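In listed order, ligands and their atoms are each counted from 1. Keep in mind the model is a prediction, meaning the values are calculated, not measured.
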Amino acid sequence: MPTRVEKSDAEWKEVLTPEQYQVCRRKGTEPAFSGKYAFTKDPGVYVCACCGNPLFDSDTKYDSGSGWPSFYQPISPDAVTTAEDRSLWMTRTEVLCAACDAHLGHVFDDGPEPTGLRYCMNSVALELKPR
Ligand code: FE
């Protein structure tokens, strides 16, 4: 398991941009097609924008057409955690950073092989470390 990163709400607000704080700590969603990684194909590892925990490898990124960076699996099974999200009159599965509990996005079961999963992420929650 990744090492836990704990900060108070006030501390997160201080170190994050307003957009990062709204998405990662307030479970917001960036507008579709607005994020810097929506179409990125550069090779590397996407880490948590809050704490640097490695989350996704670019090899598993694909174009879902959703307007959000999409991956078919996390970089390791314990990189992320999930939680039931019943907001907005839907039941969805929220995806969080396993180290700092940042809200990253949601996972859906309409992804490509080999997993059939679509990890639909917010660009502002991620940082690409190029290879
Ligand atoms: Fe994190």
- Query: What residue pairs, at least two apart or across chains, pass ring pair (Phe, Tyr, Trp, His ring centres under 6.0 Å) with a residue in residues 4-30?
  - Reply: none
- Of all the atoms in C51, is at least one N, O or S atom closer to the Fe ion (ligand 1) than 2.8 Å? yes
- Query: Quick one: which of Y119, F56, Y37 gives a ring pair (Phe, Tyr, Trp, His ring centres under 6.0 Å) with Y46?
  - Reply: Y37
- For T40 and K61, which heavy atoms make the closest approach, and how far apart are they? O-NZ, 3.0 Å
- Rounded to 10°, how big is the angle at the Fe ion (ligand 1) from C97 SG to C48 SG? 110°
- Quick check: does C100 put an N/O/S atom under 2.8 Å from the Fe ion (ligand 1)? yes
- Task: Give a yes or no on whether the backbone of Y62 and the side-chain of S64 come within a donor-acceptor separation of less than 3.5 Å.
- Result: no
